[in-house]
**Student:** 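Take a look at the following structure, please.
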Amino acid sequence: MEQLGGAVLHESLIGDIAYHGFLVDVPALGVRQLLDGDAPPLLHSDRVMYFRAQGQAVVSVEEAATRSPTRLPPAERTSGTPVVALLDGLPLANHPMLQGRVEIDDPDGWGGNYPVAERTHGTAMASLIALGDLGIAETPLARPIYSRPIMRPAGPNGQRVERTPDERLLIDLVHVAVRRMFEAIDGRPASAPTVRVINLSVGDPHRAFGGELSPWARLLDWLQHKYNVLFIVSAGNREHGELLLDATPGSVSDMPLEQRSRLATHALCRDDMHRRILAPAESVNALTVGACHSDASTVPPVPGRFLLFAESGLAPYSGIGPGFRRAVKPDILLPGGRVLYREAFQSPAGQTRVQAIQALQPPGQLVAAPPTAQGAALHTRGTSNAAALGTRWAARAHAVLETLRASYQTLDDRYDAVLIKALLAHGALIGDVRSQVLAARPDIDEWQAQRRLASRYCGLGVADVERALTCTAQRATLLGVGTLKNDKAMEFRVPYPQALHATVVKRKLTVTLAWMTPINPRHSKYRVARLWVDLPEGTLRGDRAEGEWRQLRQGTIHHEVFEESRAAVIQEGTTLAVRVNCVADAGPLKESVQFALCVSLEVAEGVNLPIYEQVRERVASRIGVQPAAAA
């Protein structure tokens, strides 16, 4: 028997595990089995696994020393128990901006050998989650963050980076950390049982997704279903240091940004096979967040330096999909910071080589950092930042659910994880990203292939979570939750306001379904529970505006946007049936599956139609939910 990370491993089931630097070879038949009565059946691999995962930030602190001043610490204090957990490096809990906002749980005692000056990535992530971009005066989170370190400094002097430890299996470390949060072990109570969302801005730079799920992704899928918790995972940063633009040397800096962006997007698309998402971003149950090219900083004019990509467009460092069985991945994009470029000294004939500038000065997102004489904050960028902002939005979504729960006691907190997952994806729109990608790939002219290509780069789109969490006079959002068994369905009735009767106005219907599936690693389809939404065709529903509908049903988020401008006959009591279906997909489905449904109906802001008020009146009459047999 061998003891590893507090879990007992049976020697005959481990196989020949030998460490060679940072390589661990796990034979397919040497399946590691946790003998605790509830083992995750996930470690099936006949390939070499790499275990030096790192935080997904584009630039390391060692590459620049200049810091930025921070604003005054927020006056608001935190209270209550954590809803968000951070698995990352060790944050600087006594940083002036973070005092009282982070609860550190360090059972392995790593803090004693974790110099303050090297606590950069965890501090940055805690800062973004708790406070957002420090360049914007945002309201701090009301609850503290639970933080468990899974990375620590390693490497030769002068080249030390924060990464997961070499001497311990990463999947064991993460499994033990999450189990400690939710289970009482050896008389010790669970350390964070109220957590609903776990931020994982860490990725394996040596394991790009190639069609086969990594053991790390399988672990996350199993943990999310077992503990009813949502992982928010960064898509991973890809090499973006140099790009070859089809332009003559010396001409790029004088071009309009739109023209530079078009050339840069074309260069990215030529190299897209080397920009796939990194493990564990392919996790089926997790919400994977990629980065869009956006931040709130002001870029100082510097000769020879220029922005290459448009605001809120593609970020050159963000990993792209698709995910497992060609599902949509990343799920959404959120701001990850902008990048400046400069022309290289030498370029091929007829082309211009441009290089990304790795600096801790603007542009980028301003985050807390270990204090030095130069300041206590710096600008960073990366999918780490985007995932951290997604976790911040998740905490805000939970606060909205708590407010709703005070008025509607039927909103059980066991649905919080799937509701947060649905709400974060509900405001996603592909928008201009599609036109950027398609302009770079004129060879793809079939509309379904075009939609799949756009989803590969931006998933469901750039997420506007604020839209999902708020209603306006012209937009109403309805929430529904439930559980379904195999071959069952549930029908929700969405009331249509009479203000839309015989009115020629463009209206939009957005439907988002989210769930956590059990997994079957021994089945090729892996995802045990397949859920999807059916809506009857017609003028009430409208036409599909984004995404390819078959691909949208491959993951654990089914998100569709419908648009219609034709007049519809809407009488008193008119409703649109939204049917949620559930069937087994990878072997028998023996348990009920929790799901959350978000439906928004809207017209353009400023159109004088009382959409929200009329929908609210109808919902107040408690429209029923009808069970039905699946098609």
Side-chain angles (χ1 to χ4, degrees), residues 4-5 17 19-26 48-64 85-92 104-126 128 147-178 198-209 214-217 219-220 231 233-239 277-281 283 317 319 358 360 367 369-370 378 380-385 387-388:
L4 182 61
I17 298 181
Y19 285 80
H20 305 285
F22 55 91
L23 300 181
V24 179
D25 192 8
V26 185
V48 173
M49 281 297 299
Y50 300 79
F51 286 92
R52 281 188 178 178
Q54 301 177 10
Q56 292 301 295
V58 168
V59 60
S60 62
V61 175
E62 290 77 12
E63 296 181 28
L86 175 64
L87 299 184
D88 206 278
L90 186 62
L92 189 59
I104 304 293
D105 183 17
D106 184 18
D108 300 315
W110 289 1
N113 192 29
Y114 208 129
V116 169
E118 295 179 338
R119 300 185 185 186
T120 55
H121 197 267
T123 301
M125 295 305 101
L128 284 168
S147 174
R148 164 69 186 263
I150 63 169
M151 296 195 301
R152 61 185 182 187
N157 291 334
Q159 298 179 4
R160 286 163 59 89
V161 295
E162 291 177 286
R163 66 183 186 213
T164 54
D166 297 341
E167 72 278 4
R168 188 168 176 183
L169 288 172
L170 176 58
I171 44 181
D172 175 75
L173 176 62
V174 174
H175 173 251
V176 170
V178 176
I198 301 176
N199 184 90
L200 192 63
S201 291
V202 181
D204 188 339
H206 302 285
R207 177 106 186 193
F209 179 64
S214 65
W216 196 2
L219 173 67
L220 298 191
F231 273 91
V233 182
S234 58
N237 297 332
R238 307 305 292 156
E239 178 61 42
I277 55 176
L278 301 179
S283 166
Y317 49 81
Q358 308 290 346
L360 300 177
V367 300
L378 46 82
T380 65
R381 55 207 69 85
T383 56
S384 276
N385 298 22

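Sequence positions, counted from 1, serve as the residue numbers for this chain. Side-chain atoms are counted along with the backbone in the values below, which use heavy atoms only and exclude waters and symmetry mates.
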**Student:** Using 0.5 Å steps for rounding, measure from the CD atom of Glu162 to the OH atom of Tyr114.
**Tutor:**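 So the gap between those two atoms works out to 3.5 Å.
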**Student:** Would Ser201 and Asn199 count as a side chain to side chain donor-acceptor pair (under 3.5 Å) here? Give the steps.
**Tutor:** CA-CA 6 Å; Ser201 291; Asn199 184 90; 3.0 Å; yes
**Student:** Could you tell me the separation between the CG atom of Leu87 and the OG1 atom of Thr164, rounded to the nearest 0.5 Å?
**Tutor:**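 So the gap between those two atoms works out to 12.0 Å.
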**Student:** Could you grab the distance from atom NE2 of His121 to atom OG1 of Thr380, nearest 0.5 Å is fine?
**Tutor:**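 Spacing of NE2 (His121) from OG1 (Thr380) equals 8.0 Å.
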**Student:** Taking side chain to side chain donor-acceptor pair (under 3.5 Å) as the test, write out the residues that go with Arg148, two or more places apart.
**Tutor:**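 Result, side chain to side chain donor-acceptor pair (under 3.5 Å) vs Arg148: Asp108.
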**Student:** Looking at side-chain heavy atoms only, is the closest gap between Met125 and Ser384 below 4.5 Å?
**Tutor:**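 Side chain of Met125 against side chain of Ser384, heavy atoms only: contact under 4.5 Å found.
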**Student:** Is there a donor-acceptor pair closer than 3.5 Å between any side-chain N or O of Ser234 and the backbone N or O of Thr383?
**Tutor:**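 Looks like no, no N/O pair under 3.5 Å.
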**Student:** So, taking the atom named CG in Asp204 and the one named CG in Leu170, what distance separates them when rounded to the nearest 0.5 Å?
**Tutor:**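 That separation rounds to 8.0 Å.
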**Student:** Looking at side-chain heavy atoms only, is the closest gap between Phe209 and Ser214 below 4.5 Å?
**Tutor:**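 Heavy-atom side-chain distance check fails, nothing below 4.5 Å.
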**Student:** Output the distance between atom CG (Leu92) and atom OG1 (Thr120), rounded to the nearest 0.5 Å.
**Tutor:**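 One finds 10.5 Å between CG of Leu92 and OG1 of Thr120.
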**Student:** Search all heavy atoms of Phe231 against all heavy atoms of Val178 and return the closest pair with its distance.
**Tutor:**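 Taking every non-hydrogen atom into account, CZ-CG2, 3.8 Å.
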**Student:** What heavy-atom pair brings Arg238 and Gly319 nearest, and what distance separates the two atoms?
**Tutor:**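 Distance-wise, the nearest heavy atoms are CG-CA, 3.8 Å.
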**Student:** Return the set of residues passing salt bridge (Lys or Arg N to Asp or Glu O under 4.0 Å) with Arg119 (not counting sequence neighbours), or none when no residue passes.
**Tutor:**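 If we apply the salt bridge (Lys or Arg N to Asp or Glu O under 4.0 Å) test to Arg119, skipping adjacent residues, there are no hits.
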**Student:** Are side-chain heavy atoms of Asp88 and Ser147 found at a separation under 4.5 Å?
**Tutor:**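 No - every pair of side-chain heavy atoms lies 4.5 Å or more apart.
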**Student:** Nearest heavy-atom pair of Ala208 and Leu278: which atoms, and what distance?
**Tutor:**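 In terms of heavy atoms, the two residues are closest at CA-CD2, 3.9 Å.
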**Student:** Residues in salt bridge (Lys or Arg N to Asp or Glu O under 4.0 Å) with Asp106, at least two apart?
**Tutor:**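 Applying salt bridge (Lys or Arg N to Asp or Glu O under 4.0 Å) to Asp106 gives none.
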**Student:** First locate atom CG of Leu219, then atom CG of Leu169, and finally report the distance between them rounded to the nearest 0.5 Å.
**Tutor:**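 One finds 11.5 Å between CG of Leu219 and CG of Leu169.
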